[in-house]
Amino acid sequence: MASVAPSKPRSPQDYRGAERLLAWYDRHARTLPWRTRQGDPPADPYRVWLSEIMLQQTTVVTVGPYFADFLARWPNVAALAAAPLDDVLTAWAGLGYYARARNLHRCAQMVAGELGGVFPDREAELLKLPGIGRYTAAAIAAIAFGQRAVVVDGNVERVVARLFKVETPLPAAKAELHRLADGLTPEQRAGDFAQAMMDLGATVCLPRRPKCLLCPLEADCQAKAAGIAQGLPRRQSKAAKPTRRAVAFWLMAADGALLLRRRPEKGLLGGMMEVPSTPWREAPWPAAEAQAAAPAAAEWRELPGLVRHTFTHFHFEVTVWAARAQSKAIDAGHWVSLDGLADEALPTVMRKIIAHGLTQTAVVGRDD
DNA sequence: CATACGTGGAG
DNA sequence: TCTCCAAGTAT
């Protein structure tokens, strides 16, 4: 149970903490592309939504250029809804968690269609939309619509776990941390408060070396008082990552086009383009077995080296085989000129494989 | 409640 | 090299 839960949800002490945090935020708020400043018109819900989806498990630095590109190409929800899904996937390529891009597009179509182009302003309605979960619904309600909502992301969990010295490891502590965050959240300026908590976590209450001397909440922080701030929140240890292996087939036509194919809509890298390969599995691929999985009969040659990539839950090792295609009459997949690769929805792991194929075939000489 | 789902930067 | 972890969601 709670090691140190406040007896009342909203004590005067908590309220002063919120006040101090907001005062700190007014002085230290970072200027971010999707953030409005004091005195500006209210935040555009489309921009808040777009940024929040992109920021799920993704750093501010990484999101920056993608947010600018999306906003330039699709300045409002109607424009995004009208875009072909493949264009959205291509623009998203490299950001990761590609289900977000598919849900983003579906959500845009729902808002632009049945919702008449207007984002819901209530958490419960936002929660019904694809790609919007508990955190994002609260963040949009608070930041775009000024409603009191309890916004809890990884930063807030860390800040609250330290403030109240919650020693239960995550994820078991999630419900308790949410309750404690609720008790801290003020009625007014809920959007600023949420962003202040997240900024505090991102710049002061850091995971490894918290800068407690700069923290506006230091005097209230029970973990700091106990000298264990750096060790919180505790986390349940994660399982080791297995290694999966595959052989990728670098098939080039006489005109220099490369064979790609689209992955299934669901699952890993769903809907994205890929270099054709054997299935991904732990056991290495004997040559004869890989041969049988090739997209065409050809004189396959193994390129030197190995492509390594780590996903969320496994390591990936890819050997690349290269061959020259006799014709472009191949069912599964489509041919793309090397110049056209930039316009394909290729995730990072596939760009690594392509870069490897490009350099190794150049070193060894085309093929045959 | 557990697991699948990307990528890049920091230490 | 390796582990951690970042403005989480869906199932």
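Residue numbering restarts at 1 for every chain, and letters A, B, ... go by the order of the sequence lines.
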- NA contact type, L95(A), heavy-atom cut-off 4.0 Å: base, sugar-phosphate, or nothing? base

- Under 4.0 angstrom, heavy atoms only, what part of the nucleic acid is V349(A) near: base, sugar-phosphate, or nothing? sugar-phosphate

- How long is the line joining CZ of F314(A) and C1' of dC5(B), in whole Å? 9 Å

- Query: For R100(A) and T58(A), does a side-chain donor sit closer than 3.5 Å to a side-chain acceptor?
  - Reply: yes

- Message: Tell me the interatomic distance from K352(A), atom NZ, to dG6(B), atom C1', rounded to whole angstroms.
- Response: 10 Å

- Message: Over all strands shown, is G270(A) touching base, sugar-phosphate only, or nothing at heavy-atom distances under 4.0 angstrom?
- Response: nothing

- Query: Under 6.0 Å between ring centres, would you say that holds for F119(A) and W49(A)?
  - Reply: yes

- Query: Contact class for T348(A) (heavy atom, under 4.0 Å): base, sugar-phosphate, or nothing?
  - Reply: sugar-phosphate

- Taking atom P in both dA2(B) and dA7(C), compute the distance separating them and give it to the nearest angstrom. 23 Å

- Task: Between P171(A) and G267(A), name the one whose nearest nucleotide on DNA chain B is closer to the 5' end.
- Result: P171(A)

- Message: For the aromatic rings, using the six-membered ring if either is Trp, is the centroid distance between F70(A) and F67(A) under 6.0 Å?
- Response: no

- Approximate separation, where rounding is to 0.5 Å, of L200(A) CG and R158(A) CZ: 9.0 Å

- Send over the distance from L104(A) CG to dG6(B) P, rounded to a whole Å. 15 Å

- Any luck finding a side-chain donor-acceptor pair between N103(A) and R106(A) under 3.5 Å? yes

- Item | Inter-nucleotide P distance (dG6(B), dT11(C)), Å rounded | 14 Å

- Task: For nucleotides 3-11 of chain C, just jot down a letter per nucleotide in 5' to 3' order: B, S or -, based on protein non-hydrogen atoms under 4.0 Å.
- Result: -BSBBBSS-

- Query: Got a salt bridge between R16(A) and D220(A), using NZ or NE/NH1/NH2 to carboxylate O under 4.0 Å?
  - Reply: no

- Which value, in whole Å, describes the distance between the P atoms of nucleotides dT3(B) and dC4(C)? 16 Å

- Nearest heavy-atom contact between L260(A) and M273(A) is CB-CE, 4.1 Å

- Would you mind reading off the distance between R308(A) atom CZ and dG6(B) atom C1', rounded to a whole angstrom? 19 Å

- Please state whether the phosphate of dT7(B), meaning OP1 or OP2, lies under 4.0 angstrom from any side-chain nitrogen or oxygen of H309(A). yes

- Query: Taking only side-chain nitrogens and oxygens of H313(A), does any of them come within less than 4.0 Å of OP1 or OP2 of dC5(B)?
  - Reply: yes

